[in-house]
Amino acid sequence: MIHTDHHDPAFRYEGLARVAFDNCGKYGDPFGIAAQDVYNSFVPEPTLNGKKALSKVLSKLIVDNSQGEHKDALVELEESVWTSETQQQIITIIDASIDILNQIQD
């Protein structure tokens, strides 16, 4: 289970990314994006590299859950990454993704 109540959104991003890539270690995913440092790409506002990183994380979750009931919600979140303009919108996407992942794992 990933916790959405941790005060640091970078920590929550890393947790989401590591779980998405089979509980890999820090930077252990194929793209080297499962790390808190990547969150800097969302501060003060989302950059293209940050959006690409989060999109890859969500795309992996979509592929892994393509037959599940949460697929459409994950697709919607992935699409919303590209229209996000603020750090808060990214945090909302990360937290919603964690909530869905926790439901899948329950």
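Numbers here simply count residues along the sequence, with the first being 1.
A donor-acceptor contact shorter than 3.5 Å links the side chain of D29 to the backbone of A34. Between the side chain of E14 and the backbone N or O of A35, no donor-acceptor pair lies under 3.5 Å. Side chain of Q105 to backbone of N102: no donor-acceptor contact under 3.5 angstrom is found. Without hydrogens or angle criteria, Q89 side chain to E85 main chain gives a donor-acceptor distance under 3.5 Å. In this structure, the side chain of K26 does not engage the main chain of R18 through any donor-acceptor pair within 3.5 Å. In this structure, the side chain of T47 engages the main chain of S41 through a donor-acceptor pair within 3.5 Å.
In this structure, CD1 on I94 lies 8.5 Å from CG on L58, to the nearest 0.5 angstrom. To the nearest 0.5 angstrom, N65 atom CG is 3.5 Å from I104 atom CD1. Separation of atoms CG (L61) and CG (L77) is listed at 10.0 Å; rounding is to 0.5 Å. Rounding to the nearest 0.5 Å gives a distance of 8.5 Å between CD1 of I100 and CD of E76.
Applying side chain to side chain contact (heavy atoms under 4.5 Å, CB included) to V57 and the options V38, I62, V81, I33 leaves one that passes, I33. For the side chain to side chain contact (heavy atoms under 4.5 Å, CB included) test with D95, the passing option among I91, I93, T92 is I91; the others fail.
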>> Run E78 and L74 through side-chain contact (heavy atoms from CB on, under 4.5 Å) and show every step you take.
In response: CA-CA 6 Å; E78 192 281 328; L74 289 168; over 6 Å; no
> Under the side-chain contact (heavy atoms from CB on, under 4.5 Å) criterion, do Q103 and H70 qualify, and how do the steps go?
Replying inline: CA-CA 9 Å; Q103 290 174 29; H70 301 287; 3.0 Å; yes
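The neighbour count for K51 NZ, taken as heavy atoms of other residues, nucleotides or ligands under 6.0 Å away, is above 12.
Classified by interplanar angle (parallel below 30°, tilted 30° to 60°, perpendicular above 60°), the ring pair Y13/F42 is perpendicular.
Between the side chains of Y39 and D8, no donor N or O sits under 3.5 Å from an acceptor N or O.
P44 approaches Q87 most closely through the heavy-atom pair O-CB, 3.8 Å.
You'll find the side chain of I98 reaches within 4.5 Å of the side chain of R12, heavy atoms only.
Hydrophobic clustering, with ILVMFWY side chains joined whenever heavy atoms are under 4.5 angstrom apart, keeps V63 apart from W82.
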